[in-house]
Amino acid sequence: MLSDIVSRIAITSEGPRPEDAVDPRFGRAAGFLLVDVESMEMSYLDNGSSQVLAQGAGIQAAENLVKAGVQVLLTGHVGPKAWTALKAAQIKVVQGVEDMSVGEAIAQFKAGSFSYSDAPER
Amino acid sequence: MIVAVASGKGGTGKTTVSASLAAVWKRPVLAVDLDVEEPNLHLFLRPNSVAGEPVHLAVPVLDEQQCSRCGICSSFCQFKAISLMGRHLILFPEMCHGCGGCIHVCPEGALGIGQRELGLIEYGSTDDGIPCLSGRLRVGEAMSPPLMAKVRQQMRRIATQEHRDAVIDAPPGVSCPAMSAVQDADVIVLVTEPTPFGLHDLRLAFQAFRVLGKPMGVVINRAGLGDDRVQAFCMENSIPVLMEIPFSRTIAAHYARGGVLSRMDDDYRKSFEALASRLESMAQSEVSHA
């Protein structure tokens, strides 16, 4: 039921492959693995442009996800400003995704074992 | 002339040196606390009837009706204070540095001028007539340089109008607040201690401030505590060691009661008077380590 109308999801990732670990940080994540839910086509979006910012990394990362046409984000935790930005773009967020590989996170998402967060974690 | 008392490492004795200098200064002086995140110079100089005046930063406010969501403002902002997320323009006023650029570039006139409170400018005077100026950052405010800029503006105004010198108690570190605090100085005193941390942060401070081309000297506090590597570093880099304050229980006890070291006894009064006149001649000298 989580996957209806969702075509593209992003997972914060420590690297470009599905075997790489989920990066629990959002704004300062190494990058995002972008996954087309239907075709399982994957691409990697480097987040270096956000990481180098002195402030506003979460906002920049959220902007990058909007540009990438993502509807759902799987990550460890999202800060309050990034949350505001993601909500404005109606991107749904699953928090608490960590200590697993990106591939596992995708599988769990498709199996419907995640639920969307309704507030940022502090 | 303006003296800034700075340090890389916190807790080395900037306030001890600042308060002591202000207390023995020969000409009219203004004591300025620019450590707006945790001002403490007043605990030693004890100004009376301190008045606080709130200071604001101009930040954008959005008129949704006028906004065409063109995103020019958000691409202009280097600080992510404005973000265009899909069809929504979101403002984060707490991230704003107050440059006004977004308001200027908006083709629709959709951004107006609002205010964010930065904190207070406080002003008072001691029993013996030393005026004290300081900033106090609002709790929750993340940026201190904008408030510091307002305090510095006030400092320069008072110094010019009342023909006063100024002694600045700077914030620790070598990032924006510390750099901002020493901008107006004619001479910089770096307070350190003879410990590995003291040396490490003295090195950082020296490297950061050196580019400003201002004369600098070192005061070693808690001398006798560690080793002589701070001395060696100063010698290698031709930084004069202006004074050593021993690691002493008597001094610590005096400090803990809120005492000013240069008022503790005649010896310290004379030492700080000598430091003050040394700084005066340094302020007029050429910079050797720039």
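Owing to the predicted nature of the structure, the values given are computational and were not obtained by experimental measurement. Per chain, numbering begins at 1; letters A, B, ... match sequence-line order. Just so it is clear, the values below take in all heavy atoms, side chains as well, and ignore hydrogens, waters and symmetry mates.
A donor-acceptor contact closer than 3.5 angstrom links the side chains of B:Arg152 and B:Ser180.
By the neighbour-count criterion of 12 heavy atoms within 6.0 Å, atom CZ of B:Phe197 is sparsely surrounded, having that number or fewer from other residues, nucleotides or ligands. The environment of CD in A:Gln90 is sparse: at most 12 heavy-atom neighbours from other residues, nucleotides or ligands sit within 6.0 Å.
Note: B:Met95 leads B:Met95, B:Glu94, B:Gln78, B:Arg87 in heavy-atom pairs under 4.5 Å with chain A. No other option in A:Ala88, A:Ala54, A:Ala89 has as many heavy-atom pairs under 4.5 Å with chain B as A:Ala88.
The aromatic rings of A:Phe114 and A:Phe109 lie tilted to each other, with the angle between the two planes from 30° to 60°.
For B:Phe92, the part sitting under 4.5 Å from any heavy atom of chain A is the side chain, from C-beta outward, and nothing else.
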